[in-house]
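Worth saying up front: this structure is predicted, and the values here are computed from it rather than measured. Just so it is clear: chains get the letters A, B, ... in the order the sequence lines come, proteins before strands, and each one is counted from 1.
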Amino acid sequence: MTGYLLRRLAFLVVSLVLASIVLFVLLRMLPGDPANALTSVGASPEQIAAARHAIGSDKPLPEQFTHWIRQLATGDLGTSFVSSLPVGPEVVQRLSVTVPLTLSAFVLAVLIAVPAGFVAAYKRRTWYGALLSGVSQLGIAVPVFWLGMILIVVFSLNAGWLPSGGFPQDGWSDPAQAIRSLVLPVVTIALVMSASLIRYVRSATLDVLDSDFLRTSRALGSSFGQAMWRHGLRNASVPVISILGIELASTLLGAVVVESVFALPGLGSLLATGIAQHDYPVIQGVLFVSTLAVLLIGFAADLVQRIIDPRLRDRLSGGAR
Amino acid sequence: MKRSATLWTGCVLAGLIALIALISLFWLPYDPSDTSGGRLAGPGDGHLIGTDKLGRDLLTQLMTGSRIAIAAGLGSVLIAAVVGITLGLVAAFAQGWFDDTVSALLDILIAFPTLLLAMLIVSARSATLTSAIIAIGLAQSAIVARLTRILAKRVLAQDYITASRTSGTSWPRIVGEHVLPNVWPTLSVNLALQFGLAVLAEASLSYLGLGAPPPNASWGRMLQEAQATFTTAPAGALAPGILLVLLVIGVNLVADGLRDTFDPARRRRTAA
Amino acid sequence: MSLLDVRDLTIRTGDGRDLVSGLSFSVGRGERLGLIGESGSGKSLTTLAVLGLLPDGMTATGSVELDGTQIVGASEKRLVDVRGRAAAIVFQEPLTALDPLMRVGRQLAEPLRRRRGLKGDALRKAVAEALEQVRLPEPGRIARAFPHEISGGQRQRVALAMALACDPGLLIADEPTTALDVTVQSEMLVLLDTLVGERGMAVLFVSHDLAVVSRVTDRVLVMKDGRAVEDGTVRDLVRAPRQAYTKALVDSARKLESALDLGEPR
């Protein structure tokens, strides 16, 4: 296990370096001059050149890259081209909205999808089993922003129970207010996420219900509940956990749409602004932090799977796949 | 639900939207840029569903929107299929560090949502439908490549293929005769699912203002424009969403139906 | 009274096809019966019906009396009470029959704990004994192993040990050697024969192979397309098969025997 951990950590670091190189190169290949964002329309060539010099985008690419990596090594994500503010604190500030948002949505989605997916499989011949499958089919087809719009109309504009968007200016200093503004976005993400999770849980449950080992256990005298508890749960959780990892990572990064619907100052909206303004340090910083999160979540999911499934432990490969 | 029923319901729903798109090529109730209707008029009075905030006919916009949705789905899936399958096959045949690198990169890319990658690509080009299609297609090709690689590796590991490779059969023949026919059923189901996801991604891009620019009526843009007046003029904020859901459910059902046809064991289990 | 009494058993699929129809047979205490037929003849389904474990969507009609309990139409609660105690089963595929995520020892401990109420050290000792009884070397190592870490033959011995741990009146063996190598098959059959003999258990042995069945039981029921076509002792069937189908089974068994005789120098 120690050997595996070391290999896996090495893989993590290599991936991160690889990803930052790719990130850097891809971003510089994109057309569009960040200096344009700094200068007003019709600026003279001298003004543009001055702007370029000010932000360092006139230096050769390798120099820009080593500069960025050197900054990263000291935990500095750089300075925004546009606002001239450091990117790191800004990212941390945004994470204080996005992390609670996605984590609570994730937990809520799991709480909905695991029982619902189990019932959809175990009771698939009943009307409510079929209804659950149908609802999840509907759920994966609903655009997340549309669901958000509808929830705003129903629970905010009509019922007046919750704010329709925004986040307290002073962040979490008034927790009740902050939580109130996150309720609807959390529910929106959780509903959409659970719709696709239900399908995975259902299919994993069907595999287990169909398995020989469950039949063996019951044939030798376990009740269905005992057999499911002892053998079914763990076996069904293995495929679901890898999906959970992917879902969590993609929600963390994909919150941009929901943040836009509810006007939340999260990581996604920071990225959207950065993209719109060609603000490379901001884009790079957000994507670097996101990549780190993706890799860490993948690492955690791998680790949990290996703890549960001994067959994975015996595989020779480093666990990259 | 019976297998044929799933496939049929899916075909009818997706076909309905395709039909609307087809009709819109030849006939529209109004000119798309005709702003002669009253602003935010309700249904009736010459406008079946009503008008938007500029006085344009909603039905006309919905019809042209169906073209954009279907073009986005088809175009993206086509790009994803060509790029993804090629890359996946190359990775499957490759050995050693190249294979490891490609699969590690794909693993990372996949964790990034399609939409995020698409946002980056769109911002580099300009916000047009073509940009959106290329962006979504490229983002999805990572998913297709990963799946192709896994499926093709499984086929290549079979004894008869190893035998055929050692006896000197050229790799294009192995791909054509053994790999593609074996991986296609699972791939085609996935491509159908990607179609639905591409439609949703295009709608999201348009909602964020990164899709087809005005006056093109993408359903996502229509929803974004109607959001502020949801309570006073609900038709404009409901109709595009409903059509989106119908189209995506339609293609997803087609995918489910295809999977059941290709995989009888699964069908027996889930539908018996 | 018979331990197992099957009368007029019919097994029907959800869409109305009969996979087993009008099947009747009985097995007394300590008796052995072979069910023989090609795949799809309904023999495995019959064993599942005996335990009330038919796959979802299939229904049984007729009567299956196991140790005085009517299985057809019984509540799940009654079935749980009967399974393991009255009859236990060894399935064909030992790899999938065991939970891949649980150590062999823990899986074997499950029936031991339930049937004998053992705990702690006593349970651990009973697990080791049960593994020794099925002639597994290094029971300590096997108990700590996961199913994929031991050989197919060893897995099937574990499965047999689990069934025996239930101390059932009737042991059902559904093609227990089909998934194994020929040499391992033979050892397994001898082991099964010995252990069941020591305990005086009744056996319902299912196979497509007359030669295999004849190693364990004398009395055989031949099934084809869900119906019993012939029954009697192996001797009688081999000497004078009444049905063309039985004759074919006998011939293929003979061919295999002679092929093995030729192939293996004595």
Minimum heavy-atom separation for [X] to [Y], with atom names?
| X | Y | value |
| --- | --- | --- |
| Gly221(A) | Val80(C) | O-CG1, 3.5 Å |
| Arg106(C) | Arg230(A) | O-NH2, 3.3 Å |
| Pro310(A) | Pro100(C) | CG-O, 3.5 Å |

Below 4.5 Å, heavy atoms only, C-beta onward: do [X] and [Y] meet side chain to side chain?
| X | Y | result |
| --- | --- | --- |
| Arg218(A) | Leu79(C) | no |
| Gln92(C) | Asp212(A) | no |
| Ile89(C) | Thr216(A) | no |
| Glu110(C) | Gln226(A) | no |

Quick check for you: to the nearest 0.5 Å, what is the distance between [X] atom [atom1] and [Y] atom [atom2]?
| X | Y | atom1 | atom2 | value |
| --- | --- | --- | --- | --- |
| Leu214(A) | Leu53(C) | CG | CG | 9.5 Å |
| Leu220(A) | Arg85(C) | CG | CZ | 14.0 Å |
| Leu95(C) | Phe213(A) | CG | CZ | 11.0 Å |
| Asp56(C) | Leu206(A) | CG | CG | 9.5 Å |

(message) Can you confirm whether Phe25(C) is buried at CZ, in the sense that more than 12 heavy atoms of other residues, nucleotides or ligands lie under 6.0 Å from that atom?
(response)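 Buried by this count: over 12 neighbours within 6.0 Å.
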
(message) Heavy-atom count check: over 12 atoms from other residues, nucleotides or ligands less than 6.0 Å from Arg78(C) CZ?
(response)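 At most 12 heavy atoms, drawn from other residues, nucleotides or ligands, come within 6.0 Å of this atom.
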
(request) Heavy atoms only, distances under 4.5 angstrom: which of Ala97(C), Pro147(C), Ala88(C), Gly84(C) has the most pairs with chain A? Name it, please. (result)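 When all of Ala97(C), Pro147(C), Ala88(C), Gly84(C) are compared, Ala97(C) has the most.
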
(request) Salt-bridge test for Arg311(A) and Glu149(C): reply yes if a basic N is under 4.0 Å from a carboxylate O, no otherwise. (result)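 Salt bridge between Arg311(A) and Glu149(C), a charged N being under 4.0 Å from a carboxylate O: no.
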
(request) Indicate yes or no: does Arg234(A) engage Asp99(C) in a salt bridge with an N to O separation below 4.0 Å. (result)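 So Arg234(A) does not pair with Asp99(C) through a salt bridge.
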
(message) Need one label for Leu48(C): side chain, backbone, both or neither, based on atoms under 4.5 Å from any heavy atom in chain A.
(response)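 Leu48(C) touches chain A through side-chain heavy atoms alone.
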
(message) Heavy-atom pairs under 4.5 Å with chain C: which of Val238(A), Leu209(A), Asn235(A), Ile308(A) has the most?
(response)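 Heavy-atom pairs under 4.5 Å are most numerous for Asn235(A).
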
(request) Check the pair Ser222(A), Arg83(C) against side-chain hydrogen bond (donor to acceptor under 3.5 Å, both in side chains), reporting the backbone distance first and the verdict last. (result) CA-CA 8 Å; Ser222(A) 301; Arg83(C) 285 179 202 140; over 6 Å; no

(message) Quick check: under 4.5 Å, non-hydrogen atoms only, which of residues 155-166 of chain C neighbour chain A?
(response)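 Near chain A, by residue number: Met162(C), Ala163(C), Cys166(C).
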
(message) Using heavy-atom distances under 4.5 Å, tell me whether Ser211(A) contacts chain C through its side chain, its backbone, both, or neither.
(response)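 It is neither, since no heavy atom gets under 4.5 Å.
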
